[in-house]
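This one's a predicted model, so the numbers in the text were calculated from it and none came from an experiment.
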Amino acid sequence: MVRTADFYKILQVQYGARKSEIASSYKRLCKIYHPDLNSHPEAEEMMKRINMAYDALCNERPAPRAGFPFAGTGEQSGCSSIDLVQAQACIRSYFSALLIGDYVKAYDYVSDYDKKYVTLRSFCEWRKAVQKLYAMRDFSIKPDGQISTIVLENNPGLLSVKYYVSVTERNTVMQTVSNYSVSKLVISESGIWHIFLGYRDLNEIAKIFEDLSSKQESGEMTKHWEEYCKNTCRDLNMFSLSGLLKEAKRELYRCRRYKQQMTVACFRVRPEPPTATEDLIAELAEAASGILSDVLRETDIPAYLGNGVFAVLFVELRKKNAKIITDRITDRIKNDILEKSGQKICASAGFTVYNGGNLSDYIDKCVKSI
């Protein structure tokens, strides 16, 4: 039997050391002996001993519950305190393997009873499906203080210990972090502690997670696509009105802070004669949007409002220059379209200086002026 004094030796601290000293030494030893960092054949066994010692010295013993023996002694259940330390080391090692994505190693801690129904492949596919949607970030383990027996088919009553595991996870689709608690049984098979899963068909469970992940991904994609369509005139690869208002927020802030003058201008493009097919109107709008993209500066923000009407927020454009610029753009639209397609058009423009307030009101006023 391992004595308490031996636990201090394993953790390389003095007898009676404080918990903070024990925790500090434990972290240091983990960096040396953890199998993922140390390939020595004895590293894993040493890590088990370190976990056992740490659990024995640092975990608070829970209060006894009515009708159940105290987990700290195990006298009435035939379970020693060393057994309980080994049980907790088992569940800690299991969740540590899940945390780093080593599902083959985690499977080693699964009970022999479960392995009759759950193959290594189905276990790994299940954990990958869960991890794809809910990525584990951390966990903590707390015993509930009761030791009991569990009967599995033809097996005699097996000793079992229940633990509550608090898991921190990130929803990879929604990009949110949350915590949840789950209870897990650790059972003793031939004197060795294993995790009891209790699942018969992990393939079905994995499929549920895959479907849930696909639905969430589809929902997020739909939401982003709807938002994109709301803010963008896809046919012309240009902002819509709502997109312009959203994009303009930063520039409006700079305008207020640095007293920069900004001008709102609107352009209307119509065929001559005004009666025309919808296809012709669409072609003219496409041609006009290409011309605007060529003549505007990178800092200017254009949008298509529909019906052959465009709005542009000119950054740092003063009123005295606004008419010159808008007239120049209007002439360019008319001449280029006539030259390239032979189509005569009527192009008109209006502008107003932005003096603060609701930008959409300025755009409405400008549209009405043309």
Side-chain angles (χ1 to χ4, degrees), residues 30 34-37 44 47-48 51 54-55 59 86-144 146 150 152-153 158 160-189 192-225:
C30 284
H34 196 285
D36 293 330
L37 304 174
E44 184 170 356
M47 196 65 232
K48 289 180 181 178
N51 281 332
Y54 178 74
D55 289 335
N59 286 332
Q86 292 174 341
Q88 188 150 334
C90 170
I91 193 169
R92 184 182 296 278
S93 297
Y94 172 75
F95 276 92
S96 294
L98 294 182
L99 183 63
I100 63 175
D102 191 345
Y103 305 133
V104 175
K105 184 177 179 181
Y107 186 75
D108 289 340
Y109 296 102
V110 172
S111 71
D112 294 335
Y113 173 82
D114 286 305
K115 289 178 179 177
K116 291 189 296 183
Y117 304 100
V118 177
T119 64
L120 173 60
R121 179 178 178 179
S122 64
F123 178 85
C124 292
E125 288 179 352
W126 165 55
R127 289 313 310 176
K128 288 176 181 177
V130 174
Q131 183 75 4
K132 181 181 178 182
L133 182 57
Y134 300 110
M136 187 187 297
R137 287 292 175 261
D138 199 5
F139 70 90
S140 60
I141 298 170
K142 179 182 178 183
D144 77 341
Q146 70 169 294
I150 182 173
L152 302 175
E153 294 181 352
L158 301 175
S160 68
V161 184
K162 182 185 286 186
Y163 291 91
Y164 290 106
V165 184
S166 177
V167 179
T168 302
E169 63 187 13
R170 181 175 65 86
N171 187 311
T172 57
V173 176
M174 307 298 290
Q175 296 298 310
T176 56
V177 177
S178 59
N179 292 86
Y180 77 95
S181 294
V182 61
S183 63
K184 280 291 180 186
L185 277 182
V186 181
I187 62 176
S188 178
E189 296 175 310
I192 300 175
W193 291 95
H194 288 129
I195 302 295
F196 177 63
L197 296 177
Y199 297 129
R200 292 298 182 96
D201 190 353
L202 279 179
N203 291 325
E204 186 64 28
I205 297 175
K207 186 177 183 303
I208 291 173
F209 276 99
E210 287 285 358
D211 291 343
L212 183 59
S213 177
S214 298
K215 286 180 181 178
Q216 285 205 17
E217 286 179 353
S218 176
E220 282 296 294
M221 288 175 65
T222 300
K223 185 176 75 173
H224 289 308
W225 179 248

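- Every residue two or more places apart in sequence or in another chain that forms a side chain to side chain contact (heavy atoms under 4.5 Å, CB included) with Thr168 is listed here: Arg137, Asp138, Val177, Asn179.
- In this structure the side chain of Ser178 never reaches within 4.5 angstrom of the side chain of Asn171, judged on heavy atoms.
- The side-chain contact (heavy atoms from CB on, under 4.5 Å) with His194 is formed by just one residue from the set Leu185, Asp114, Val186, Asp112; it is Asp112.
- The ring-ring contact (aromatic ring centres under 6.0 Å, His included) check on Phe139 picks up Phe95, with sequence neighbours excluded.
- With a 4.5 Å cut-off on side-chain heavy atoms, Ser160 and Ile187 count as touching.
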Check against side-chain contact (heavy atoms from CB on, under 4.5 Å), Phe123 and Thr119: CA-CA 6 Å; Phe123 178 85; Thr119 64; over 6 Å; no
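- Checked against side chain to side chain contact (heavy atoms under 4.5 Å, CB included), Gln131 has the following partners two or more places apart in sequence or in another chain: Tyr103, Ala135, Met136.
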Lys142/Ser166 under side-chain contact (heavy atoms from CB on, under 4.5 Å): CA gap, chis, key distance, verdict: CA-CA 8 Å; Lys142 179 182 178 183; Ser166 177; over 6 Å; no
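- For Trp193 against Ala87, the heavy-atom pair with the smallest separation is CD2-CB, 3.6 Å.
- Here CD1 of Ile141 is found 5.0 Å from CD1 of Ile91. Values are rounded to the nearest 0.5 Å.
- One finds the OH atom of Tyr163 at 14.0 Å from the OG atom of Ser140 (value rounded to the nearest 0.5 Å).
- A distance of 11.0 Å separates OH of Tyr113 from CG of Leu197, quoted to the nearest 0.5 Å.
- Separation of atoms SG (Cys124) and CG (Asp102) is listed at 8.5 Å; rounding is to 0.5 Å.
- No side-chain donor-acceptor contact under 3.5 Å links Glu125 to the backbone of Leu120.
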Test side-chain contact (heavy atoms from CB on, under 4.5 Å) applied to Lys48 and Arg92, step by step: CA-CA 10 Å; Lys48 289 180 181 178; Arg92 184 182 296 278; over 6 Å; no
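- Side-chain contact between Lys105 and Glu44 is present, with heavy atoms from C-beta onward closer than 4.5 Å.
- For the pair Arg170 and Tyr134, the minimum side-chain heavy-atom distance is 4.5 Å or more.
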Test side-chain contact (heavy atoms from CB on, under 4.5 Å) applied to Glu169 and Tyr180, step by step: CA-CA 8 Å; Glu169 63 187 13; Tyr180 77 95; 3.1 Å; yes
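- Here Ser183 pairs with Lys162, Tyr164 under the side chain to side chain contact (heavy atoms under 4.5 Å, CB included) rule; sequence neighbours left out.
- Looking at Tyr107 and Lys115, their side chains come closer than 4.5 Å, going by heavy atoms from C-beta outward.
- Here Ser96 pairs with nothing under the side-chain hydrogen bond (donor to acceptor under 3.5 Å, both in side chains) rule; sequence neighbours left out.
- Ser93 meets the side chain to side chain contact (heavy atoms under 4.5 Å, CB included) test with Asn51, Tyr109; sequence neighbours excluded.
- Counting only heavy atoms from C-beta outward, the side chains of Asp108 and Tyr94 never approach each other to under 4.5 Å.
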